[in-house]
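Okay, structure first, notes after.
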Amino acid sequence: MTLTVTSTDPVDDRPLGPALRRGWARRCPNCGTGRMMTGYLKVADACPDCGEDLHHHRADDGPAYLTILVVGKSIMALYLAVFLAFRPEPWVMITLCWTLALVMALWLLPRFKGALVALQWSRRMHGFGGED
């Protein structure tokens with residue numbers, strides 16, 4: 001008796017994991033070598049290395065929401081832990097937390113945008129499928 005398994009699922013030629021890692025690194029989700037961004041947050045129209053069209057992306061406010069969520073939760077947890085452990089002066093807490101929040105937000109925002117664009121590319125969303 002021979003058992004054959006047939007799948008109706010298309011071959012996943014755009015795996016999510018590598019695409020997200022490349023997007024997080026702000027590289028082209030297709031080749032991984034070309035720069036996805038032409039500026040701090042401006043996504044290139046196409047990859048300079050492989051020519052993959054990237055202008056289809058619809059990142060909109062998603063990266064900002066994710067950044068606010070991660071930075072806000074992290075800073076508040078740190079604020080509470082430091083305050084309960086050391087009871088520093090208010091100006092020390094404000095300086096520490098505002099500085100750390102600003103650095104975290106500026107570092108995370110382009111990475112979240114790159115990952116979101118790579119997610120859309122990997123799942124063939126918003127015109128990345130090539131059908132239009």
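Quick caveat: nothing in here was measured; it's all calculated off a predicted structure. FYI, side chains are in, hydrogens and waters are out, and symmetry mates aren't considered; it's all heavy atoms of this structure.
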- prompt: Do any N or O atoms from the side chain of Y40 and from the backbone of L106 form a donor-acceptor pair under 3.5 angstrom?
  reply: yes
- prompt: Quick one: does T38's side chain have a donor or acceptor within less than 3.5 Å of a partner on A44's backbone?
  reply: no
Measure the spacing between [atom1] of [X] and [atom2] of [Y] and express it to the nearest 0.5 Å.
X	Y	atom1	atom2	answer
L54	M37	CG	CE	10.0 Å
Y79	M93	OH	CE	5.0 Å
R111	L109	CZ	CG	10.0 Å
T67	L108	OG1	CG	5.5 Å
L66	K113	CG	NZ	13.0 Å
I75	L100	CD1	CG	4.0 Å

Locate the shortest heavy-atom distance separating [X] from [Y]; write the atom from each residue and the value.
X	Y	answer
Q120	H57	OE1-CA, 3.3 Å
R27	T33	NH1-O, 3.4 Å
A46	D53	CB-OD1, 4.1 Å
P29	M36	CD-CE, 3.6 Å
C31	C47	SG-SG, 3.6 Å
V70	F112	CG2-CZ, 3.8 Å

query: Would a 4.5 Å heavy-atom cut-off, applied to side chains only, mark R14 and F128 as touching?
result: yes
query: Any side-chain heavy atom of C28 sitting closer than 4.5 Å to one from R22?
result: no
message: Between the side chains of D13 and R124, is the shortest nitrogen-to-carboxylate-oxygen separation below 4.0 Å, so that they form an ion pair?
response: yes
- prompt: Counting only heavy atoms not in F86, do more than 12 sit closer than 6.0 Å to its CZ atom?
  reply: no
Quick check on the hydrophobic clustering: are [X] and [Y] connected, directly or via other members, by side-chain heavy-atom contacts under 4.5 Å?
X	Y	result
I68	V71	no
L78	W107	yes
L41	V117	no

task: Could you point out which residue of H126, H56, E52 forms a side chain to side chain donor-acceptor pair (under 3.5 Å) with W121?
output: E52
